[in-house]
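Everything numeric in this text was worked out from a predicted model, so none of it was measured. All chains are named by letter (A, B, ...) in the order of the sequence lines, taking the proteins before the strands, and each is independently numbered beginning at 1. Worth knowing before you read on, the calculation uses all heavy atoms, side chains too, and leaves out hydrogens, waters and symmetry mates.
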Amino acid sequence: MSTTSAPAAPTRPQPRPRVSPVKQTLRLTRTEITLFARYKTAWIYALLPLFFLFTAMQLPPDPVVGGFGLGEMTMFGMIGVISLIFGVGHASNVFTARRESLVLKRLRVSGVPPLAIFGGVIGVVFVFSLLLTVFIAGLILAMPEGALPRDPVMLFTSVLLGSIVFSLLGLAVTPLVRNAEMAQMASMVPMMILLFSSGGIMPLEFLPETARTVVGLLPSMPAGELVQAAYTGYDVFGGFAGAEEVGTLGLWTAALPSLAVLGGWIAVLGLVVARCFRWDPRQG
Amino acid sequence: MTTTNPVPDTQDPRATALEPAVSVRDLHQKYGDFEAVKGVSFEIRPGELFGLLGTNGAGKTTTIETLEGFRRPSSGTVRVFGQDPYGNPAGVRERVNAVLQGSGLMEDLTVQETVALARDMASTPRTAGETLELVGLTEKTRTHVRQLSGGQKRRLDLGLALLTRPEVIYLDEPTTGMDAEGRIDTWRIIQRLKDEGTAILLTTHYLEEAERLADRLAIMHRGRVGVEGSLQDVLSGWGDRVGFTLAADVPTSDLPRLDGAELEVENGGGQLRATYTVRGGHVDERAHHAVSALLAWAEEHGTLLRNLQVRGASLEDVFLQVADGAADLISD
């Protein structure tokens, strides 16, 4: 408002109540879910983890951590990167398409803050990742030696943090590409690197210690390890060999470095998205 | 009441009493080495419609995008309600809305879902029924956006922009793609917004639209404002043309000088044609005085003003003059 006092006019407006960004985020998430369900290609992202799950079942069943075999550990790792497929794949694709078709700009000019718009896509990635996680958890439970996660909160945390990290990564891809097709191609590169470094497609046990440490700084391995720990109740953060069963507190303490890595990525990618995201199709 | 030429008196107390809702001072915008906007200034007060006209690439959309908060000025200042609009901050974003040059609708939603989403995002929205009735889409509530015609999408764009009851609205070619009926409906809606006190920035390729709606306007060309002012100012600056064919026996040196008019004589097809461009005097009366003086002169010299033509300026004349020719009008 201007500080100069102008004569009161009949048209002078009342101050408007602020709409809560949380409410806006949740409302946008609802629309994102509707759009996701109507957008057929999005369902391919749901099939991919199931396919990888099937391949993981082919791994040798000999127990490596507690009573769990390599195949099961890989399956758990896969759960950790469901949000990678949704986040990097779906978010980069639809946000590029929406930028080009002025949908994002339309939302912005109508007063929706960026945080709510980003929150909406993180929301849909989280909801569908969680649904798929619950579905896969059901499958695992239905297996001959079925199991429930020992620490469901840690499982939930992994899905939540993964959804944030990987959606932000998908959003960070969009300024680099001109259209949705290019976004799909460009997002394949980080998606593949992160999938293979997650422990959800192939076990990372064969990697030398230093390589494993470096890979552990990428966001996908910590996400996968959190699920593996959540399911087994074992401290698997230093690798499967010699992993020991620990209590809830011990498990969370052991998980701290992985949580920190995910937190760090959220901070870095959040900053990248905040600074570099483009709302406008025009270059420049 | 809508008239065909709603030019307000510049002394209109409403126009002078209110602080400008939008003010742009010496705006420059550069993309690398290319300067898209080179020193544009204007203000828009509540209840006022400012028309921004110009050729493609004149810098209109860049100017609007700066106001919308998508671009930081390279230099100069831009204020909306006294605030820097960059990033569309709280305090600005609840009070402003826009119709973009393209649609920006989610094609997989129905009209109803689109409006419901926009309502839930807004602070003090109109009802869905009111919004759809305003833009004539009541029959289309269950239709998917992708099944709407281009004109219907444009109506929905306008509806979404009005839904938040904005006090400032940017309309970037809002009637492009509409049929004649849609355009007239839209003009009626825009006129109503003005009457309600909305500050409006309008860009358009239809000069008739600007002539009907704009209280003040600017014609931009290659990043600069060529002409600016009320419609009357802009037209009066261009002048009225009084032209006639000179009888063969009258030497051009006999042609009279008229106060506030410029004489030009052209040779066309073996005949001399005199054209007086009258800029001085009252806009409504100056052509009359010029013609009357010329008739008196003709009477005195026993000659006739053959093929006499009197032509007032149209916005198109001014536009083409600013844009140096029609070539730039063709879309890229």
Side-chain angles (χ1 to χ4, degrees), chain A residues 1-21 23-32 34-40 42 94 97-114 116-117 120 274 277-284, chain B residues 13-14 17-20 29-32 34 36 46-47 61-62 65 68-71 79 81-83 87-109 113-114 116-118 120-124 157 160-161 163-167 170 196-198:
Chain A
M1 286 295 294
S2 167
T3 47
T4 327
S5 62
T11 51
R12 185 123 298 203
Q14 299 297 310
R16 312 245 183 146
R18 187 81 65 86
V19 197
S20 133
K23 193 192 141 206
Q24 288 179 317
T25 304
L26 293 176
R27 182 60 183 81
L28 269 175
T29 300
R30 204 177 105 196
T31 296
E32 291 278 8
T34 307
L35 290 170
F36 186 92
R38 287 179 194 171
Y39 181 53
K40 312 269 180 324
V94 298
R98 286 184 197 162
R99 179 189 69 214
E100 295 303 306
S101 62
L102 299 180
V103 169
L104 296 179
K105 210 173 161 187
R106 160 91 241 133
L107 280 171
R108 288 296 311 279
V109 296
S110 65
V112 184
I117 298 173
F277 192 81
R278 283 205 297 119
W279 300 94
D280 187 344
R282 297 208 298 175
Q283 303 288 322
Chain B
R14 190 180 62 176
L18 295 175
E19 292 288 305
Q29 280 293 20
K30 278 184 191 163
Y31 302 124
F34 175 68
T61 299
T62 301
E65 281 172 351
E68 286 166 346
F70 291 110
R71 297 176 191 283
R79 290 287 177 273
F81 304 117
Q83 247 180 290
N88 211 8
V92 172
R93 63 176 174 239
E94 304 87 2
R95 305 170 70 183
V96 173
N97 213 324
V99 170
L100 304 174
Q101 216 173 68
S103 241
L105 299 164
M106 294 179 183
E107 302 257 319
D108 288 328
L109 296 182
E113 287 167 337
T114 304
L117 173 66
D120 290 342
M121 294 312 221
S123 167
T124 45
D157 290 331
L160 292 176
L163 182 139
T164 59
R165 304 177 194 276
E167 294 151 56
Y170 309 118
E196 288 169 3
T198 313

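Take A:Thr25 and apply the side-chain hydrogen bond (donor to acceptor under 3.5 Å, both in side chains) test, not counting sequence neighbours, and it matches no residue. Legend: residues meeting side-chain hydrogen bond (donor to acceptor under 3.5 Å, both in side chains) with A:Arg30, ordered by chain and number and at least two apart, are absent.
The side chain to side chain contact (heavy atoms under 4.5 Å, CB included) with A:Val109 is formed by just one residue from the set B:Glu68, B:Arg93, B:Glu65; it is B:Glu68.
Interface residue B:Ala116: backbone and side-chain heavy atoms are both found under 4.5 Å from chain A. Looking at B:Thr114, neither its backbone nor its side chain comes within 4.5 Å of chain A, counting heavy atoms on both sides. Using a 4.5 Å cut-off between heavy atoms, B:Ser103 contacts chain A through its backbone alone, with no side-chain atom that close. Of the two parts of B:Pro166, only the backbone, made up of N, CA, C and O, holds a non-hydrogen atom closer than 4.5 Å to a non-hydrogen atom of chain A. With a 4.5 angstrom heavy-atom cutoff, B:Glu94 touches chain A via backbone and side-chain atoms both. Looking at B:Leu163, neither its backbone nor its side chain comes within 4.5 Å of chain A, counting heavy atoms on both sides. Of the two parts of B:Arg165, the backbone and the side chain both hold a non-hydrogen atom closer than 4.5 Å to a non-hydrogen atom of chain A.
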Exercise for the section: Show the numbers, then the answer: is there a side-chain contact (heavy atoms from CB on, under 4.5 Å) between A:Arg27 and A:Val19? Expected result: CA-CA 12 Å; A:Arg27 182 60 183 81; A:Val19 197; over 6 Å; no
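Highest contact tally toward chain A, considering only B:Leu160, B:Asp120, B:Val99, is held by B:Asp120 [criterion: heavy-atom pairs under 4.5 Å]. The candidate with the highest count of non-hydrogen atom pairs below 4.5 Å against chain A, out of B:Asp157, B:Val96, B:Leu109, B:Leu105, is B:Leu109. Between chain A and the residues B:Thr164, B:Thr124, B:Leu117, the most heavy-atom pairs under 4.5 angstrom are made by B:Leu117.
By the 30° and 60° cut-offs, the orientation of the rings of B:Phe34 relative to B:Tyr31 is parallel.
Taking a cutoff of 4.0 Å between a charged side-chain nitrogen and a carboxylate oxygen, B:Arg79 and B:Glu19 do not qualify as a salt bridge.
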